[in-house]
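Below you'll find the structure, written out as structure tokens, and then a few comments.
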Amino acid sequence: MHHDDDLAHFLMARWSRVFPEYLLHFWARPGFTVPYAAVANIGSADTAWHLCRLLSAVLTGASAVLTAQVAARWGVRPGWAVVVAYYALPMTALLACTTLTETTAAFYLAAALWLGSHGRVHLAAVVFSIALVTRYDLAVLVPAWWLWGTVRATTRAGNAFFESRSSPAGARSIPAIVLTLWAPLAYVVLLWAFFGTGPWKLLSHPTGSSEYLPGGLLAYVPQALLAIPPLIFALSCVGAGRLICRNVWLPAALAGLYLGAHVVLRAAGWYASAGYARFLVAISPVWAVLAIAGFARPVSHGLRLRQSRGIWWALAGIWMLGTVAVAVECRGGRLRLSTDVRNVVLCVGAAMSLVSLLACTAWPVMVRRAMAGVGAVAAVMTFLVQWSLIVRPLRVPPHGRLAHAACDWIAAAGLDDRPLLAATPWVAYRRGFVESPRIHKGPRLAASMPIGSLALWDAIYSPSDYHALPLSHFAANPAYRERHRWPGDGDSAPAMVLFEKISATMQPDADPPIYPPHVMPQSDPQGWYYVREDGAARVSRPPG
């Protein structure tokens, strides 16, 4: 388990059987939900989740193979090394066994690149368009995609990416450019046709929240180096330069646009989103190609010497930038690391920066070669340690285990038949709830629930800008009685508190302003907001 979004995306795919609105849900992402919906409804929730994770693993494997074939078309070999580089990206290997959208988006990107590299211009555009409704941030890649197709179509290159030899040169790229937008346009049309709304309500307000504050231009650097370790990042920089010199600029353009966009988004705190390392998994095919392009053995001694120095210069710069970024972000309280971990990271970063600089600048040559040997071993060791620390067996996180304990307590107390309000998705997973996408879990819903209902407050989701249910909403209200509480780890503040509603409450006219705002129209809350699954197939709706 990497992130609660892993569970949330799976649940929305599973719930689409009962509420088809989830197929078009803005956060469920149609490019993910549509192919996963069938698998997500096989058997119990636990069985279906594992099957969906298996599907993600298969898509990751397919992405790696397709990427190797694309790399060969760009002159980057051997193919097995590209596959190894693909899985050497720690976040990519981790997300291969999750139900997060980045893995699916990477598959669409790899498939589109493969089709394009084989001259299947229209199919490439169609598949790339699906990626845009799987990860919305991939929209920043569209200009590079269009430019590549236009240039290649008009120059009639032998292995042109957007080449279609049977059509006139000037017209080859036009249909592909139009087809690139088919999925986003279809998505907007369907939202408007069925719900009378569109994504512009959200996209037109690029503001942050109290949870995602502006962080500055260095804020995303530590996260980026989690997804792309310094060694692979340095190789990718060198590989980008080598490919650009051979007029293969698309992989470098895609990597630069996507990484730059997230640096800016995280710096500005826009859309309460950018800042996670896992976002870079969506362009894993590009990183794998660039890394092997930088690692490949050159053809001459002189080129080998210049390339070797280039890698050390790149590695030194990346380690220095990462070390400064970690220090600044820890000092600003935006990067939460224990003192011991922070000190280790800073010491390793400073040491690697110094060794890398000596490996390309030291004199005499004997010292430079010695530093290169030490640096190579140290760089590989730091990569292996980072990979092993990130890629671990899947397990339920502490928050999920606590939610399961709360569900067990409710069952032991004989309260399973009570309506239950819970913001955390782990309760819905454990109890077999199917939540309506049209009812917001906020103060109005809590007020509308009948006497005898239970409210499970948690310290992560309930007080968020989206749910706006602080602990005081229940603890300071005489209409609620505390039934049980679960303390946090090493903290006097509770992690979860279970309340019982003992008297009616007045329903407010509206919930407080939430972030992110709803895209789908909301229904008036009338007590329950979920239906219960009965086994694996039957679903019974609540009264009313």
Side-chain angles (χ1 to χ4, degrees), residues 1 3-59 97-101 103-105 107-108 130 133-135 183 186-187 189-191 193-197 199 400 403-404 407 416-417 419-441 445 518-523 525-544:
M1 174 65 192
H3 196 283
D4 284 0
D5 283 355
D6 180 12
L7 175 61
H9 282 294
F10 160 73
L11 289 177
M12 286 187 279
R14 184 173 176 85
W15 293 341
S16 64
R17 176 187 57 175
V18 182
F19 297 105
E21 297 97 317
Y22 279 113
L23 294 175
L24 297 175
H25 198 280
F26 189 80
W27 296 116
R29 317 288 170 79
F32 168 87
T33 309
V34 172
Y36 275 75
V39 180
N41 283 287
I42 298 176
S44 66
D46 188 56
T47 299
W49 197 7
H50 282 83
L51 290 176
C52 285
R53 286 173 160 175
L54 178 60
L55 175 58
S56 294
V58 171
L59 292 180
C97 293
T98 67
T99 48
L100 287 163
T101 58
T103 296
T104 314
F107 169 74
Y108 291 136
I130 300 175
V133 293
T134 307
R135 288 292 312 173
Y187 178 51
V189 169
L190 289 173
L191 277 178
F194 287 100
F195 308 114
T197 186
H404 289 178
C407 291
D416 263 350
D417 59 336
L420 174 62
L421 172 63
T424 171
W426 287 99
V427 169
Y429 172 70
R430 184 62 177 265
R431 295 290 301 273
F433 292 167
V434 181
E435 298 181 0
S436 170
R438 299 291 200 97
I439 299 178
H440 174 63
K441 290 188 287 186
L445 175 62
H518 291 298
V519 173
M520 192 167 292
Q522 297 295 290
S523 301
Q526 298 179 3
W528 292 4
Y529 63 99
Y530 59 86
V531 298
R532 293 177 183 267
E533 290 188 9
D534 183 10
R538 292 174 301 175
V539 177
S540 58
R541 294 182 178 274

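Here the shortest heavy-atom pairing between Ala428 and Glu435 reads CB-OE2, 3.5 Å. The minimum heavy-atom distance between Thr197 and Pro521, with the atom names listed, is CG2-CD, 3.8 Å. When every heavy atom of Ala40 is checked against every heavy atom of Arg14, the shortest pair comes out as O-NH1, 2.7 Å. Minimum interatomic distance between Ala105 and Thr134 (heavy atoms only, all atoms of both residues): N-CG2, 3.8 Å.
For the pair Thr33 (side chain) and Leu23 (backbone), a donor-acceptor distance under 3.5 Å is absent. A distance-only check finds a donor-acceptor pair linking the side chain of Thr99 to the backbone of Asp6 [under 3.5 Å]. For the pair Tyr529 (side chain) and Leu420 (backbone), a donor-acceptor distance under 3.5 Å is present. Side-chain N or O atoms of Trp15 include one that pairs as donor or acceptor with a backbone N or O of Phe433 at under 3.5 Å. Under a 3.5 Å cut-off, the side chain of Lys441 and the backbone N or O of Leu421 do not form any donor-acceptor pair. The backbone N or O of Arg431 lies less than 3.5 Å from no partner atom in the side chain of Arg532, so there is not a single donor-acceptor pair.
Atom NE2 in His25 sits 11.5 Å away from atom CZ in Phe19 (nearest 0.5 Å). In this structure, Thr424 OG1 and His404 NE2 are separated by 8.5 Å, a value rounded to the nearest 0.5 Å. Rounding to the nearest 0.5 angstrom, the gap separating the OH atom in Tyr187 from the CD1 atom in Ile130 is 15.0 Å. Residue Thr101 holds its OG1 atom at 10.5 Å from CH2 of Trp27, rounded to the nearest 0.5 Å. Interatomic distance, Leu55 CG to Leu59 CG, rounded to the nearest 0.5 Å: 4.5 Å. Annotation: the span from Arg135 atom CZ to Leu100 atom CG amounts to 9.0 Å, rounded to 0.5 Å.
Between Tyr429 and Trp49, the ring planes are perpendicular. Angles over 60° get that label, and only those under 30° would be called parallel. Between Tyr36 and Phe32, the ring planes are parallel. Angles under 30° get that label, and only those over 60° would be called perpendicular.
When the shell of 6.0 Å around CZ of Phe195 is examined, it contains more than 12 heavy atoms from other residues, nucleotides or ligands.
Thr47 is linked by a side chain to side chain donor-acceptor pair (under 3.5 Å) to Ser44, counting only residues two or more places apart in sequence or in another chain. Taking the side chain to side chain contact (heavy atoms under 4.5 Å, CB included) definition, one finds that Pro20 meets it with nothing, sequence neighbours left out. Residues meeting the side chain to side chain contact (heavy atoms under 4.5 Å, CB included) test with His518, sequence neighbours left out: His440, Tyr466, Ile514, Gln522.
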Stepwise side chain to side chain contact (heavy atoms under 4.5 Å, CB included) test for Met520 and Tyr22: CA-CA 10 Å; Met520 192 167 292; Tyr22 279 113; over 6 Å; no
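Side chains of Thr98 and Ser56 form no contact here, defined as non-hydrogen atoms less than 4.5 Å apart. With contacts defined as side-chain heavy-atom distances shorter than 4.5 Å, the pair Pro419/Tyr530 qualifies. A heavy-atom distance below 4.5 Å is found between the side chains of Trp426 and Asp4. The closest side-chain heavy-atom distance from Tyr108 to Thr104 is below 4.5 Å.
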